Amino acid sequence: MLQQTTVATVGPYFKRFLERWPDVAALAAAPLDDVLTEWAGLGYYARARNLHKCAIAVVESHGGRFPDDEAALRTLPGIGAYTAGAIAAIAFDRPAPAVDGNVERVIARHARVETALPKAKAEIAALVRPLVPSPGAGDFAQAMMDLGAMICLPRGPLCDRCPVAADCRARAAGDPEAFPRKAPKKARPERHGIAFWLRRPDGAVLVRRRPEQGLLGGMTEIPTTPWLETLWDAEDALGHLPVAATALGPVAGRIEHVFTHFRLTLTVLAGTSDRPAPADARWCPADELHAQALPTLMRKVVRHMEKRGTAGPLFAEDGSP
DNA sequence: AAAGCGTGGAT
DNA sequence: TATCCAAGCTT
């Protein structure tokens, strides 16, 4: 859960997750959709799919216990270089480096590594590995991460309180904030889509499961058009209407959302339908909507509609259809 | 091996 | 508002 996510954000998710699935066997036995529902809002949903796969692998291939060496851990789904090292060192006190973003920063400054991230990852891990004490690998891993999190800050590092300031090369050069070097990031394009808010006379809302792979994979969505860098023509959008509907009209306002690699603006087309749901979709009773595996973007759509009320055909605030 | 993959908080 | 950043991994 903590991969690319802050402790503060993870906290409540972690608690609920462990209450529901207290051990690997329980998680392995759970339906993926339940795991995704519990994960909804945390982001990077491949982590949830991988964690579930990982639990199954641990149960089926490792007798229900995590392996204690880096190489075996590294083969499990969702466990990469950092997580394998962290588990080996912290859970089993094996001499492995746990190099997260904090440690990368500490080392990049201490050795004044000129190679830019992410290319420098291997170089930095190679610098850490010989430093790992044994026993004590777990404490070392924690200490290095805490040094980065509390002293060797991204901006305004507290060098006066740093236990290794004396031989820090970036400190000596007076430019610690210039490290780690980073590859330039690319622009974030704007994309647009139209969401179809379709209700049955009994109030149920049409929802759909997204494909298992890719963005928001396996999560539940309010059906939308594809998300393109061009604005949608109303007529083109209707070609993506998932089920025949009546009283279709645009809803005032927009939903803005920022993903890692693009910005998205959704507008909503609301209507009514009494048809059976298509194969990849289902009618969700209104009072069950919030218990679905809705990612934050889709919760924004739901919130948007709840704010406006959902009775009858909807029109823009200026009265246009 | 560069690109894809979420979200919220801090500055 | 824009940018950065967070206990990274997979393809």
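As the structure is a computational prediction, the values presented were derived from the model and not from experiment. To find a chain, count down the sequence lines: A is the first, B the second, and so on, and within it residues start at 1.
- Counting only heavy atoms from C-beta on, Met145(A) has its side chain closest to dA7(C) among dA2(C), dA7(C), dC5(C).
- Leu73(A) and Leu2(A) fall into different hydrophobic clusters, where Ile, Leu, Val, Met, Phe, Trp and Tyr side chains are chained together by heavy-atom contacts under 4.5 Å.
- Nearest nucleotide to the Phe259(A) side chain, out of dG6(B), dA2(C), dA7(C): dG6(B).
- If you take atom P in dT11(B) and the same atom in dA7(C), they sit 14 Å apart, rounded to whole Å.
- With rounding to whole Å, Leu215(A) atom CG is found 18 Å from dT10(C) atom P.
- As rounded to whole Å, 10 Å separates atom P of dC5(C) from atom CD of Glu177(A).
- Remark: Glu104(A) engages Lys121(A) in a salt bridge, criterion side-chain N to carboxylate O under 4.0 Å.
- As rounded to whole Å, 9 Å separates atom P of dT7(B) from atom CE of Met298(A).
- Applying the 3.5 Å distance criterion, the base of dG8(B) shares no donor-acceptor pair with the side chain of Thr5(A).
- Between the OH atom of Tyr44(A) and the P atom of dA7(C) there is a distance of 13 Å, rounded to whole Å.
- Distance noted for atom C1' between dT11(C) and dA1(B): 10 Å (whole Å).
- Nearest to the side-chain atoms of His261(A) among the listed nucleotides dA2(C), dC5(B), dG8(B) stands dC5(B).
- Residue-environment remark: CD (Glu212(A)) exceeds the threshold of 12 foreign heavy atoms within 6.0 Å.
- Taking only side-chain nitrogens and oxygens, Asn102(A) comes nearer than 4.0 Å to OP1 or OP2 of dA7(C).
- Atom-to-atom, CD of Gln4(A) to P of dC9(C) comes out at 9 Å; the value is rounded to the nearest Å.
- Evaluation of atom-type donor-acceptor distances gives a pair under 3.5 Å for the side chain of Thr260(A) against the base of dG6(B).
- Proximity note for Lys185(A) (side chain, C-beta onward) versus dT7(B), dG8(C), dC4(C): the nearest is dC4(C).
- Phosphate contact (OP1/OP2 of dG6(B), side-chain N/O of His257(A), threshold under 4.0 Å): absent.
- Between Thr6(A) and dC5(C) there is no side-chain N or O to OP1 or OP2 distance below 4.0 Å.
- Leu76(A) and Tyr44(A) end up in different hydrophobic clusters when Ile, Leu, Val, Met, Phe, Trp and Tyr side chains are linked at under 4.5 Å.
- At dT7(B), one or more side-chain N or O atoms of Thr296(A) fall inside 4.0 Å of OP1 or OP2 (strictly under the cut-off).
- Distances shorter than 4.0 Å separate some side-chain N or O of Arg74(A) from OP1 or OP2 on dT10(C).
- For Lys300(A), no side-chain nitrogen or oxygen approaches OP1 or OP2 of dT7(B) to under 4.0 Å.
- Considering CZ of Phe92(A) and CZ of Phe66(A), their distance stands at 8.0 Å, rounded to 0.5 Å.
- dC5(B) and dC5(C) have their C1' atoms separated by 16 Å, with the value rounded to a whole Å.
- Rounded to an integer number of Å, the gap from CZ of Arg299(A) to P of dG6(B) is 15 Å.
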